[in-house]
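As structure tokens, the structure follows; a few thoughts come after it.
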Amino acid sequence: MKISRRKTLVAAMSLAVFGLAACGKKEEAKPEAAPASTVAATAAAEPLKVGFIYVGPVGDAGWTYAHDAARKQVEAKFGDKVKTTFVENVPESAADAERVIRDLATQGNKVIFGTTFGYMEAMLKVAKDFPDVKFEHATGYKTADNLAQYDVRTYEGAYLAGIAAGKLSKSGKLGVVASVPIPEVLRNINAFTLGARSVNPKATTKVVWVNKWFDPGKEREAATTLVGQGVDVLMQNTDSAAVVQTAEEKGVVAFGWDSDMTKFGPKAHAAASVIDWSGYYIKRVGEAMEGKWKSETTWWGLKENMIDLKAFNANLSDDVKKLIAEKRQGVIDGTAPIWKGPIKDNTGKEVLGKDVVADDKFLHEIKFYVEGVDGKVPG
């Protein structure tokens, strides 16, 4: 005869009651501890808390906008398994950055992404105090056991934009509104110039530094200055859409940076170097959930779909778009590397010998302008 679990339980309870009555003694039943499996299941059901720190406002274009779009993709991918939060407009000063990073860690965020170069030292400091938190720093170069570093090869997008600029410029004078003179930005200026001179060897690039990542007023002023110097194609390495807006007003060409900026200058906007961080963020959050996260250095580009030249103006010719597609594929498969010698700096000194292809160490240490860029790198 088959006895169900329910009948067995009833019988056992009856025996227990009979035993108590026979002894003439009452005992309070003690609550049973929850099985370990139940505790584990409850813990697993709690969402992973992930924090993001932004140097500028989320807005609707640019660097911070691109990061936040990727944050939303993380939420879409993992649903209620993850809970994200962000803090925008956090200055790169050590005190401000440390305060916000430490606050996010204290609030229980187990993965924290710091999305600008200037947060590096603050993240290193806080990481030491929170060894169980996984920290991720964008565009830096220092790591720790619980601090990883990630970056995007923005220079690849700048190079493709330069090819288009070289074809579109009537004067051969190009301009860049630049943020902060670090290797990352110098790489972009140089790659833009290399791209332009690959199709127009006489092209030159003028640079105006604003020394901030996000300052629409200064960016607009810098763009206006460049146009006044005869520049008819603008690129930027700043975060707002002010350069594209200025180009629209002045009747020159511009390239969006970090995101599609077409709506800010429908006529001026030739294309945009668009960053997509979502693949990386989804990968790293997933690894944290699975217990597979480890500190490492990542530098993705065209090959990994983290950067690309997109949002082409309808007026851009098919010939230019075809050329860009060919160069893009050459960069991806290695048949047409951007940084292949001979390459000289703008003083005439050879920085890369004939047929030598630059490695990542070389690219990370760039502190010069290539031939074709006017002026001197700020001290």
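The model shown is predicted, which means the values in this text are computed figures rather than measured ones. When a residue number appears, it is its place in the shown sequence, counting from 1.
- Counting only N and O atoms by type, the side chains of Glu184 and Asn188 include no donor and acceptor under 3.5 Å apart.
- Across every non-hydrogen atom of Val373 and Asn346, the tightest pair is O-ND2, 2.8 Å.
- In this structure, Asn146 contributes its side chain and Ala127 its backbone to a donor-acceptor pair below 3.5 Å.
- Using cut-offs of 30° and 60° for the angle between ring planes, the Trp277 and Tyr281 rings count as parallel.
- Considering only heavy atoms from C-beta on, Leu48 stays 4.5 Å or farther from Phe78 through its side chain.
- Pairing each heavy atom of Phe264 with each of Ala61, the nearest pair is CE1-CB, 3.6 Å.
- Ion pairing of Glu296 with Lys283 is present here, as a side-chain N (NZ or NE/NH1/NH2) and a carboxylate O approach within less than 4.0 Å.
- Taking every heavy atom of both residues into account, Ala66 and Ile275 meet most closely at CB-O, 3.9 Å.
- For the residue pair Glu136/Trp293, the side-chain donor-acceptor check at 3.5 Å is satisfied.
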Side chain to side chain contact (heavy atoms under 4.5 Å, CB included) evaluation trace for Leu160 with Glu156: CA-CA 7 Å; Leu160 297 181; Glu156 293 181 343; 6.0 Å; no

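- Residues Ile307 and Leu194 share a hydrophobic cluster, clusters being chains of Ile/Leu/Val/Met/Phe/Trp/Tyr side chains in contact below 4.5 Å.
- Counting only distance, with no hydrogens or angles, the side chain of Arg220 and the backbone of Ala242 share no donor-acceptor pair below 3.5 Å.
- Here the side chain of Gln149 pairs a donor or acceptor atom with the backbone of Gly140 at under 3.5 angstrom.
- Of all heavy-atom pairs between Met120 and His137, the closest is CB-CE1, 3.2 Å.
- Scanning both residues, Val180 and Val185, for their nearest heavy atoms gives O-CG2, 3.2 Å.
- Side-chain contact between Val55 and Thr64 is present, with heavy atoms from C-beta onward closer than 4.5 Å.
- Glu304 places no side-chain N or O within 3.5 Å of a backbone atom of Met306 that could act as its donor or acceptor partner.
- Put simply, the side chain of Tyr54 does not reach to within 4.5 Å of the side chain of Val90, judged on heavy atoms.
- In this pair, Trp339 and Tyr155 present their aromatic rings perpendicular. The plane angle is above 60°, beyond the 30 to 60° band.
- Side chain of Glu92 to main chain of Asp96: no donor-acceptor pair is present (N/O by atom type, distance under 3.5 Å, no hydrogens or angles).
- With hydrogens and angles ignored, the 3.5 Å screen pairs a side-chain donor or acceptor of Thr139 with a backbone N or O of Phe117.
- Pairs engaging residues 164-179 under the salt bridge (charged side-chain N to carboxylate O under 4.0 Å, His left out) rule: none recorded [sequence neighbours left out].
- For residues 73-89, the salt bridge (charged side-chain N to carboxylate O under 4.0 Å, His left out) pairs, not counting sequence neighbours, are Arg71-Glu75.
- Sorted by first then second residue, the side chain to side chain donor-acceptor pair (under 3.5 Å) pairs that include residues 266-276, not counting sequence neighbours, are Thr262-His269, Asp276-Ser278.
- The only member of Phe130, Tyr119, Phe113 that meets side chain to side chain contact (heavy atoms under 4.5 Å, CB included) when paired with Phe135 is Phe130.
- In this structure, Arg153 fails the cation-pi test against Trp300, since its NZ or CZ atom is not both closer than 6.0 Å to the six-membered ring centre and inside 45 degrees of the ring normal.
- Using modelled atom types, one finds no donor on one side chain facing an acceptor on the other under 3.5 Å when comparing Asp145 with Ser295.
- Under the 3.5 Å distance criterion, the side-chain polar atoms of Asp258 are left unmatched by any main-chain donor or acceptor of Val274.
- Checking side-chain atoms of Trp63 against main-chain N and O of Thr115 turns up a donor-acceptor pair under 3.5 Å.
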